[in-house]
K.L.:
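This structure is in structure tokens; I'll ask about it shortly.
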Amino acid sequence: MDGILLIDKPAGMTSHDVVALVKRALGGVKVGHAGTLDPFATGLLIVLIGQATKAQRQLMELPKRYETVARLGSTSSTGDTEGEIVHTGRLPPNPPPLPTGLLRQRPPRHSAVKIGGERAYKRARRGEQFEMPERIVTVYRFEQIWRDENPAHPRAGYEIECSAGTYVRSLIADLGDAYCIELRRTAIGPFEVNEAVPPPLRNQPWEDPPLITLSQALAALPK
């Protein structure tokens with residue numbers, strides 16, 4: 001069994017959790033994925049089956065599209081709902097400056113980037129002091145879709161198209177006094193979340209998974 005599966009990851013699961021579920025449901029075949037989603041995030045996860053794992057790097061380098069909802073007037077130590085929240089009451093300007101093009105970005109300290117051979121979030125949870133290395137990313141589109149300045153819960157919705165390796169949490173935090181409360185990946189290259197299926201049920205075989213062959217997947221990629 002070789003190919004890719006388009007999975008719509010629910011909130012609360014890690015990407016590794018999804019891979020483990022698929023592996024058990026398919027009887028222990030080789031399984032990987034092409035790009036991590038944070039546990040609180042939802043949306044498209046490309047799961048690689050069998051020989052398709054050899055195309056991991058090629059698929060991981062595809063551009064991504066996200067929809068995110070930001071809480072305004074507050075900051076988070078992790079850039080999302082899992083961090084230490086500080087309410088400032090200061091709102092980013094409306095409309096806010098939304099940078100596009102080549103950007104210098106520091107990934108969040110609570111991220112899966114490896115620092116000295118260890119995941120940054122593990123070091124951050126131990127309270128260690130370290131600096132995240134900058135990286136160059138590309139933001140193709142960054143739009144504010146809506147904004148609600150209700151004093152009790154000011155929020156705004158954004159749509160972002162960006163290169164692989166871009167941290168949406170950092171883009172939102174850089175607006176000033178904002179953090180992500182919802183994050184959904186809606187596309188990876190030509191693959192759309194509306195084509196995806198939920199993860200398989202725990203401890204149940206997956207008799208007829210909607211597998212896309214590796215040749216079909218590679219043929220869909222931009223030339």
K.L.:
Got a sec, which residues hit salt bridge (Lys or Arg N to Asp or Glu O under 4.0 Å) with E195, two or more places apart in sequence or on another chain?
P.N.:
none

K.L.:
Listing request: all ring-ring contact (aromatic ring centres under 6.0 Å, His included) pairs with a residue in residues 142-161, at least two apart in sequence or in separate chains.
P.N.:
F142-Y158

K.L.:
Using salt bridge (Lys or Arg N to Asp or Glu O under 4.0 Å) as the criterion, list what pairs up with E192, not counting sequence neighbours.
P.N.:
R65

K.L.:
Listed by chain and number, what are the side chain to side chain contact (heavy atoms under 4.5 Å, CB included) partners of A52, not counting sequence neighbours?
P.N.:
I4, L48, L214

K.L.:
Please list all pairs meeting side-chain hydrogen bond (donor to acceptor under 3.5 Å, both in side chains) that have one or both residues in residues 17-35, counting only residues at least two apart or in different chains.
P.N.:
T14-D17

K.L.:
Once salt bridge (charged side-chain N to carboxylate O under 4.0 Å, His left out) is applied, what residue pairs with a partner in residues 85-94 remain, sequence neighbours excluded?
P.N.:
R90-D177

K.L.:
What residues form a side chain to side chain contact (heavy atoms under 4.5 Å, CB included) with L102, not counting sequence neighbours?
P.N.:
I136, T138

K.L.:
Residues two or more places apart in sequence or in another chain: which of them pass side chain to side chain contact (heavy atoms under 4.5 Å, CB included) with A164?
P.N.:
K64

K.L.:
Only counting residues at least two apart or in another chain, list the ones meeting side chain to side chain contact (heavy atoms under 4.5 Å, CB included) with P63.
P.N.:
Y140

K.L.:
Taking salt bridge (Lys or Arg N to Asp or Glu O under 4.0 Å) as the definition, give me every residue that meets it alongside R147, ordered by chain and number, with sequence neighbours left out.
P.N.:
E149

K.L.:
So, using salt bridge (Lys or Arg N to Asp or Glu O under 4.0 Å) as the criterion, who are the partners of R202 when residues are at least two apart?
P.N.:
none

K.L.:
For residues 44-56, which residue pairs pass the salt bridge (charged side-chain N to carboxylate O under 4.0 Å, His left out) check, not counting sequence neighbours?
P.N.:
none

K.L.:
Does R184 pair with E67 as a salt bridge, N-O distance under 4.0 Å?
P.N.:
no

